[in-house]
Colleague: 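I am attaching a structure below and will ask some questions about it afterwards.
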2 protein chains.
Amino acid sequence: MEITIKDVAKEAGVAISTVSKYMSGGSVRQENEVRIREAVKKLGYSPNSLARGLKRSKTFTVGLMIEAMDGPYWAKLINYLEAELQKIGYALILCCHGKSVELAREYAEYLTSQMVDGIFFAPIQEEEDYMNVPREKEIPLIALEAAKGFEVYGLVQTNYTAMAYELVENLIIKGHEKIAVIGGAPSLRSVQECMRGYMHVMEDYDIEVCREWMLYGENTRESGLEMMYRLWQAEKKPTAVFAANYYMAMGVLRAASELHIVVPDELSLAVIDDYVFSTLVPVKVTAATQPLEKISHEACRLFRESLEHPKQKRAEKVRIKGEIVPRESIAPPRDEEEE
Amino acid sequence: MEITIKDVAKEAGVAISTVSKYMSGGSVRQENEVRIREAVKKLGYSPNSLARGLKRSKTFTVGLMIEAMDGPYWAKLINYLEAELQKIGYALILCCHGKSVELAREYAEYLTSQMVDGIFFAPIQEEEDYMNVPREKEIPLIALEAAKGFEVYGLVQTNYTAMAYELVENLIIKGHEKIAVIGGAPSLRSVQECMRGYMHVMEDYDIEVCREWMLYGENTRESGLEMMYRLWQAEKKPTAVFAANYYMAMGVLRAASELHIVVPDELSLAVIDDYVFSTLVPVKVTAATQPLEKISHEACRLFRESLEHPKQKRAEKVRIKGEIVPRESIAPPRDEEEE
DNA sequence: CTGTTAGCGCGTTCAA
DNA sequence: TTGAACGCGCTAACAG
């Protein structure tokens, strides 16, 4: 760095504090305002964020701590969140800890020492005491997709229960009763909630639940494939499958292809996904999108709210559900079209 | 922030500068070392990054400026880059400007005022003069996937020409001669290079190029679908299609499904993609992955290199090609497996 | 090796 | 409104 506020003051022939006031939007004498503005432009001055942050204890910077940026979930969420923060003049520091509590703790301390104005984070499983340092410094904490309510300012999560309910209800309304559900690891909140939503709606519609049709796996395509084979090996076969996850749904469709199951004549598929679900084969699929845009919006709202309150409020919990969308489909080009 | 270096000094009964030296890894008298360490632990002290950065003109922070985090390309690249930077103790500030030159300029100035130690950026089309402010401050600039060589420290890009060459050569070796190529907008470097690589290999193998088989579109599934229809409307049909992009390849496969083209009996498909290409239908596809890991590695290497050189070196250009991989496939579960 | 001193660049008193 | 002074927390230069 070279040109400082001092240079601008000298160039404009005013005191440093006058320039400071001007730069912060304060009112200055007309005459000085002009001189300062011209000096700023001439020298190409822009205030040093570090010095400013140091002095004001405000950096207009937030941290985001996640496991990693694989899959589309975090990529899309970050995209929305970044846009949201941009509107209110905040920048984002990205920290991927890869599930390492140690690394997470280091990042948390780093962000604290950077004096970020807030931290968004997705807790590692049940753990989150690695956030103690920023918590003690009273940096607003926003938990994303946490399993339980931690001691944070706010918490935003997908309401999988409601989504599962709606999605399965959708199948029921279409006449299905033999509905299987396949989920990932039973330790995951998303899977637990999907199962709960499934149970609820089946109860509400007085449909008997077949335990063999509630399968747990791994949220991978391979797992989905395997579960389909397992379902189709049994005597009683379902007419619809609810996959809690995009990748599993891919496995389901792949299995359908290999087992020569016709979708949706013999099988209907419902899925909750981060993508807008789309396949190559022309099948009818009911999809519910992850409410990523809403989640980031709510997270940002909570953050803004936290800026106004002086002290940390306890865990305001916001649960959001996505919407059911018709499967995205691409139409073959029409003949009428000129070439 | 509350506890400062001053508190630690008082607690340990030494001078501030002694603590400073200790915190920066300098050697201190054994006796003092112990006292300082205990004071640090007792008070939970950690140095303020802002003050430190302000003083040393070094923040251990870099900026990354891209258009947006849609698609898997940037998501994956960021993931690799973050990991790479993490190793050398750097944090990443993410800035998405959405192709707005104005916003990009603001971000560039912001990062400069943040005194980042370097900026990675993907230039907006041919423009990039919005990077003038950081350039004047001699902040190392690393351009990613730029179309031409700007005035930067380093430039890393995918070598699409080589990838296209290899991929098409692969088809030729398998006996194909009637090979079509479909790409996105002709203004894109990636598309231009794909076409060039295609031309080169066809020339090298003395195969006549049919102009009607070189189609430009939009890097979307819809576009791929449409192009396939166009190809199949003609008299002469290709036996292989090289899609420059994952989405277009999806369109091709969808079209194949609708036009009842059997892949790979009637048609072979080659594709350059960011994902590891995988489809639902069990078709043989040759895919070449984007060299995202290498790109981020090289970008980080250039950055590290720039830290040693005092002044900015001019545009070292690194071109990297990905590798051809067999299509990822998932096997159906074996019967031998116990259930 | 230690302590004192002088800033890094800025915002914020206070008096004028 | 303005300008001089001081301090944010830290490091670097110097003297002891």
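Heavy atoms only: backbone and side chains are in, while hydrogens, waters and symmetry mates are out. Lettering of chains follows the sequences in order, A, B, ..., and the numbering in each one begins at 1.
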Colleague: Is the phosphate of C/dC8 approached by B/R56 (side-chain N or O, under 4.0 Å from OP1 or OP2)?
Modeller: no
Colleague: Has the side chain of A/S17 got a donor or acceptor atom sitting under 3.5 Å from an opposite partner on the base of D/dG3?
Modeller: yes
Colleague: What contact category does A/T4 fall into here, base, sugar-phosphate, or nothing, at under 4.0 angstrom with non-hydrogen atoms?
Modeller: sugar-phosphate
Colleague: Output the rounded distance in Å from CG (A/L54) to P (D/dC6).
Modeller: 19 Å
Colleague: Quickly work out the A/N48 CG to D/dG9 C1' distance and round it to whole Å.
Modeller: 14 Å
Colleague: Got a donor-acceptor pair under 3.5 Å from the side chain of A/K55 to the base of C/dG9?
Modeller: no
Colleague: Could you state the CD1-P distance from B/I5 to C/dT2, rounded to the nearest angstrom?
Modeller: 14 Å
Colleague: Kindly confirm or rule out a cation-pi arrangement of B/K58 over B/F60, judged by NZ or CZ under 6.0 Å from the six-membered ring centre and within 45° of its axis?
Modeller: yes
Colleague: For C/dG11, does either OP1 or OP2 sit under 4.0 Å from a side-chain N or O belonging to A/R52?
Modeller: yes
Colleague: Atom CG of B/D7 to atom P of D/dG9: distance rounded to whole Å?
Modeller: 9 Å
Colleague: How many Å lie between CD on A/Q114 and C1' on D/dC8, as a whole number?
Modeller: 16 Å
Colleague: Are A/R135 and A/N132 linked by a side-chain donor-acceptor pair shorter than 3.5 Å?
Modeller: yes
Colleague: Report yes if at least one side-chain N or O of B/N32 is closer than 4.0 Å to OP1 or OP2 of C/dC1; otherwise report no.
Modeller: no
Colleague: Centroid-to-centroid, B/Y130 to B/Y107, below 6.0 Å?
Modeller: no
Colleague: Take B/L155 and B/R319 through the test side-chain contact (heavy atoms from CB on, under 4.5 Å) and record every step on the way to the result.
Modeller: CA-CA 8 Å; B/L155 187 158; B/R319 281 170 65 84; over 6 Å; no
Colleague: NZ of A/K21 versus C1' of D/dA4: gap in Å, rounded?
Modeller: 15 Å
Colleague: Tell me what B/L50 touches on the nucleic acid: a base, only sugar-phosphate, or nothing, going by heavy atoms under 4.0 Å.
Modeller: nothing
Colleague: Categorize B/Y45 for me: base, sugar-phosphate, or nothing, with a 4.0 angstrom heavy-atom threshold over every strand shown.
Modeller: sugar-phosphate
